[in-house]
Every structure is written in C-alpha cells, then in structure tokens.
Amino acid sequence: MKNVRVVVVGAGVIGVSTAVCIAEALPFCSVTLLADKFSPDTTSDGAAGILFAAKFPDIPLERQKRWFKDTFDHLLAIAQSQHSPEAGVMLSSGWQIFKEVPAERKPFWAESVIGFRFMTEEELKRFPDHKFGHAFTTLKCECSSYLPWLENRFRKAGGHVEQRTINSLQELSNSYDIIVNCSGLGSRTLVGDSQVYPVRGQVLKMEAPWLQHFIRDGDGKTYIYPGMHSVTVGGTRQEEDWRLHVDEGDTDSILKRCSRLEPSLSHGKVLSKWVGLRPSRRNPRVEKELVQLPGRRVPVVHNYGHGGWGVTLAWGTALDALELVRQCLQEMPLQAKL
C-alpha cells in the first residue's frame with residue numbers, strides 16, 4: 001500500500017530527475033509528476049546539455065562538487081551502457097578557451113571530468129585571440145531524448161504523470177502530503193520568489209557532421225557542441241530578457257562568432273533556431289520548508305534556480321531533494337503515514 005502522496009511540480013530536467021530519484025528510492029510513496037509542459041516543450045529540451053559548471057557564490061564548494069560529480073557519474077554510466085543512443089547521452093571531448101588567463105586556472109570540477117589538462121601552446125595556435133585553455137572529455141546529455149527516456153523510467157518505478165497548469169500551492173494542499181517544487185522560472189509566481197529571473201539563450205542546431213570536438217569560449221557566450229544528430233552552436237546570455245522569439249541579429253552574431261572559432265562552420269547548414277529562458281538565481285534553491293496552506297501545514301521541498309547549469313547539476317540536486325523528502329517523512333506525524 002502506497003501511503004504517502006508526493007507531487008513533483010515541473011517536468012524539465014530538474015523535475016523529472018527528482019521524480020525518478022524519489023520514485024525509485026521510496027517505493028512506499030505514490031509519486032506524481034505534474035507540469036503544464038513536458039518534453040519536447042520544456043526549456044531543458046533546447047539546452048546544449050554539456051556538463052560544465054560555474055561557481056555559485058553562497059553554496060559550500062564541497063556541496064557543488066558533489067552535485068557535479070553525482071550528475072557526471074550518473075550520466076557516464078548511461079553513456080557507457082546500451083541505453084546511450086536512446087537516452088541521448090554521449091562522451092564529448094574538446095576545449096574551453098580563454099582570452100585572458102582566468103583567476104582560477106583549474107575549475108573546481110576538473111577532477112570529475114575525464115583527462116583534464118591545460119592546453120599546449122601548439123594547440124592554442126588555432127585560436128589566436130585566446131591565451132589559455134583546458135582540454136578534457138565531458139558528457140553531453142540531449143534532453144529531447146533524455147527526458148522521454150527518464151520519464152519512461154519514472155513510470156516503470158510506479159510514478160504517475162499529469163499535465164495541467166497550477167497557479168498556487170494551495171491547489172495541491174488537499175491531494176498531497178509532500179510537495180516538491182521544481183518549477184524553475186515558474187517559482188516566481190508559484191512560491192513568490194522574486195530572486196529567480198530569466199537569462200535568455202538562443203541557439204542554432206546545425207548540420208556539420210565533420211565536427212567532432214566541442215569548443216567553448218570561457219565567457220560562456222560562444223560555443224560549438226557536436227551532438228548525436230546535429231551541432232548546437234550559440235549563444236546568448238541576456239539577463240531579465242523575456243523574449244521567446246528568435247532574434248535574427250542574434251543568429252547572425254552567433255554564426256559570425258562561432259565561424260571565427262571554427263571556420264568550417266561556414267559550410268554548415270542551419271537546421272533550426274531555438275530560444276529558451278534559463279531559470280537563474282544567485283544560488284539554486286535546494287531546501288525544505290513548512291508552508292501554511294488552508295487547513296494544514298505542508299512540507300515543501302524546493303529544487304530550482306539552476307540557471308544554465310540544470311543538466312550539469314540535475315542528478316546531484318535531485319539526490320539532495322530526495323534526502324530532504326526523507327527528512328520530511330521522518331518529521332511527519334504518524335497518522336499521515338498510516
């Protein structure tokens with residue numbers, strides 16, 4: 001008998017990962033994944049999905065390292081299994097290059113990726129505007145394949161999926177014992193968090209099958225990520241910009257910047273153009289609270305605000321959210337569990 005009713009709100013990479021972690025680890029819970037949009041219509045679907053990370057200012061570095069490593073190890077196991085093509089997860093090697101030597105020459109995640117080293121002067125010759133670089137192998141997770149694959153895994157673990165729009169937690173208070181909020185940018189209205197804001201990203205998918213290595217400018221605005229079926233080139237990082245339409249000025253800028261790094265791209269064919277709003281926050285919010293809803297107090301676990309690092313940190317923060325759900329279960333009065 002499944003006694004405790006858990007709802008996970010949001011079906012991007014954070015929500016689906018969290019729902020899978022809970023459903024697989026806590027079989028006595030009835031877990032519902034609820035969202036207004038599912039793959040292929042989520043922000044995660046358009047993400048390049050390559051594993052990199054930036055540092056968040058107020059979260060202990062050990063915790064950030066764990067988030068990255070847990071996600072990397074989870075996706076590496078998939079990349080090395082028979083599920084790799086169906087799940088859209090692959091190994092990807094390449095370079096991250098910098099116009100100036102960064103203050104931290106070695107990023108905190110260097111130990112988690114494969115074969116991390118500094119680029120040689122010989123390698124840097126092909127990037128004359130850049131003075132320093134990293135060479136390593138990381139993972140690329142294509143959410144347009146990964147999310148349906150993960151959702152299927154969730155259903156196999158006994159999870160339920162429901163598509164509808166909710167505007168407040170009060171709509172859920174009578175139906176569920178624990179609410180897990182993975183609503184990304186939706187948290188602005190759902191839980192009134194004004195600290196979460198959009199960072200607009202525009203990318204192009206291109207046909208250029210001869211490209212095998214990723215190239216990322218250290219400023220994060222220009223990148224070329226070969227994938228299974230196309231190459232993702234970008235991008236933009238426009239804060240507080242809510243526009244969801246393709247900006248042809250951005251398209252031209254992306255093509256010009258990327259062709260400077262990889263001249264052969266001028267022979268590539270643009271297959272599609274896409275815009276998404278990254279749910280950014282000074283720090284991701286991964287914590288629990290008791291919320292007073294009509295008639296009762298309901299434990300709410302938050303897991304949102306990852307910005308452009310959702311795919312990179314999804315499994316790690318999902319495991320943290322699972323731990324918070326476990327804590328909520330321990331703190332529940334006995335009658336709620338019976």
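Keep in mind that what you see is a predicted model, and the values were worked out from it rather than measured.
- Under the salt bridge (charged side-chain N to carboxylate O under 4.0 Å, His left out) criterion, Arg296 pairs with no residue at all, not counting sequence neighbours.
- The ring pair (Phe, Tyr, Trp, His ring centres under 6.0 Å) test applied to Phe214 returns Phe52, Phe136, not counting sequence neighbours.
- Under the side-chain hydrogen bond (donor to acceptor under 3.5 Å, both in side chains) criterion, Thr165 pairs with no residue, sequence neighbours left out.
- We find the OG-CG distance between Ser168 and Leu190 to be 7.5 Å, quoted to the nearest 0.5 Å.
- Counting heavy atoms of neighbouring residues, nucleotides and ligands inside a 6.0 Å radius, atom CZ of Arg326 exceeds 12 of them.
- Checking Asn303 against Thr18 by side-chain atom types alone, a donor-acceptor pair falls below 3.5 Å.
- Relative orientation of the Phe68 and Phe108 rings is perpendicular, given thresholds of 30° and 60° on the angle between their planes.
- For Glu121, the CD atom is loosely surrounded, since the number of other residues' heavy atoms within 6.0 Å does not exceed 12.
- Inspection of the Ser144 and Glu142 side chains reveals no N or O donor paired with an N or O acceptor under 3.5 Å.
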*Audit row: Asp247, Arg200, salt bridge (charged side-chain N to carboxylate O under 4.0 Å, His left out) steps and yes/no*: CA-CA 11 Å; Asp247 182 318; Arg200 181 180 176 277; 5.2 Å; no

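- Within 6.0 Å of the CD atom in Glu122, the count of heavy atoms belonging to other residues, nucleotides or ligands does not exceed 12.
- Remark: His130 engages no residue in a ring pair (Phe, Tyr, Trp, His ring centres under 6.0 Å) (not counting sequence neighbours).
- Looking at Asp241 and Pro198, their side chains never come closer than 4.5 Å, going by heavy atoms from C-beta outward.
- Residues passing the ring pair (Phe, Tyr, Trp, His ring centres under 6.0 Å) test with His83 are Trp149, sequence neighbours excluded.
- Side-chain contact check for Leu255 versus Leu265: every heavy-atom pair is 4.5 Å or farther apart.
- Lys99 meets the salt bridge (charged side-chain N to carboxylate O under 4.0 Å, His left out) test with Asp217; sequence neighbours excluded.
- Judged purely by distance below 3.5 Å, without hydrogens or angles, the side chains of Thr317 and Asp320 never pair a donor atom with an acceptor atom.
- Applying the salt bridge (charged side-chain N to carboxylate O under 4.0 Å, His left out) rule to pairs touching residues 12-31 yields Glu24-Arg153, sequence neighbours excluded.
- The existence of a salt bridge linking Arg66 and Glu62 is excluded, since no basic side-chain nitrogen approaches an acidic carboxylate oxygen closer than 4.0 Å.
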*Between Leu319 and His74, is a side-chain contact (heavy atoms from CB on, under 4.5 Å) present by the stated rule, with each step listed?*
CA-CA 11 Å; Leu319 290 171; His74 159 76; over 6 Å; no

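- The minimum heavy-atom distance linking Ser92 with Lys140 is given by the pair CB-CB, 4.3 Å.
- Under the ring-ring contact (aromatic ring centres under 6.0 Å, His included) rule, Phe132 has a single partner from Phe118, Phe127, Trp95, which is Phe118.
- Scanning for salt bridge (charged side-chain N to carboxylate O under 4.0 Å, His left out) contacts around Asp252 gives an empty result, with sequence neighbours left out.
- For the salt bridge (charged side-chain N to carboxylate O under 4.0 Å, His left out) test, no residue two or more places apart in sequence or in another chain qualifies with Lys37.
- Note on residues 266-280: pairs passing side-chain hydrogen bond (donor to acceptor under 3.5 Å, both in side chains), not counting sequence neighbours, are Glu248-Lys273.
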*asked:* Before you tell me yes or no, could you show the steps for Arg126 and Ile215 under side-chain contact (heavy atoms from CB on, under 4.5 Å), namely the whole-Å CA-CA distance, both residues' side-chain angles and the distance that decides it to 0.1 Å?
replied: CA-CA 12 Å; Arg126 68 174 285 198; Ile215 305 170; 4.0 Å; yes

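- Among residues two or more places apart in sequence or in another chain, the ring pair (Phe, Tyr, Trp, His ring centres under 6.0 Å) test is passed with Tyr225 by Tyr223.
- Enclosure of atom NZ in Lys69 is not indicated, since only 12 or fewer non-hydrogen atoms of other residues, nucleotides or ligands lie within 6.0 angstrom.
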*Could you go step by step and tell me if Asp129 and Arg260 meet the salt bridge (charged side-chain N to carboxylate O under 4.0 Å, His left out) rule?*
CA-CA 10 Å; Asp129 298 340; Arg260 205 174 295 143; 5.4 Å; no

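- The ring pair (Phe, Tyr, Trp, His ring centres under 6.0 Å) analysis of residues 228-250, with sequence neighbours excluded, yields no pairs.
- Between Arg5 and Tyr176, the side chains place no donor N or O within less than 3.5 Å of an acceptor N or O (distance only, hydrogens not considered).
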